[in-house]
Every structure is written in structure tokens, then in C-alpha cells.
Amino acid sequence: MKMNKVLLALLLLSFGPSTPSETTVYICKGKGSKKYHYVKNCRGLSRCSTRIYQVPLHQAKEIGRGLCGWED
């Protein structure tokens, strides 16, 4: 019975909400780029002069990016 409770707890944890560090965002690495985006086709990325990169949210914040004004 105790094993069933442990398995149930592990199962529930695996489907729980992701932490912000696990969230994927999109950034442009162009010269003046300062924002991150939750949506790859965000209006804020339309003028990106480089490839659009998919990175973890924590990494975008570590390099000083803030949330795009079109998405807040």
C-alpha cells in the first residue's frame, strides 16, 4: 500500500506545472535585441536580423533579457 502512494506521488509530480527555469522562450541575438518572447511568431521578433533561438527562460534572464512588451 505504501509503495502505491509513493508511485502515485511521483506520477503526480511528473505532470505538475513546470518551473520558470524549464520554460522555453525565444530570443533574437541581433545587436539591439533586449527581449524574450513566449511565442516564436511574436510581433516583437518580426524585425530580427539573425536566426531566432529557443532557450530556457532562466538563460534569457541571465543575459539580461526582459519580457517583450507585446506579450506582457
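One-based numbering along the sequence shown. In this text, all values refer to a predicted model and were calculated from it rather than measured experimentally. Both backbone and side-chain heavy atoms feed into the values below; hydrogens, waters and symmetry mates do not.
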task: Tell me, with the steps shown, if V39 and E71 meet side-chain contact (heavy atoms from CB on, under 4.5 Å).
output: CA-CA 8 Å; V39 181; E71 297 187 50; 4.0 Å; yes

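Considering every non-hydrogen atom in both A60 and V25, the closest pair reads CB-CG2, 3.8 Å.
A donor-acceptor pair under 3.5 Å links the side-chain atoms of T50 to the main chain of K29, judged by distance alone.
By the 4.5 Å side-chain criterion applied to Ile, Leu, Val, Met, Phe, Trp and Tyr, Y26 is assigned to a cluster that also includes L45, I52.
Scanning for ring pair (Phe, Tyr, Trp, His ring centres under 6.0 Å) contacts around Y38 gives Y36, with sequence neighbours left out. Partners of E62 by side chain to side chain contact (heavy atoms under 4.5 Å, CB included), not counting sequence neighbours, listed by chain and number: H58. Contacts of I63 classified as side chain to side chain contact (heavy atoms under 4.5 Å, CB included), with partners at least two apart in sequence or in another chain: I27, R65.
Residue pairs meeting the disulfide (SG to SG under 2.5 Å) criterion with at least one member in residues 24-60, sequence neighbours excluded, are C28-C48.
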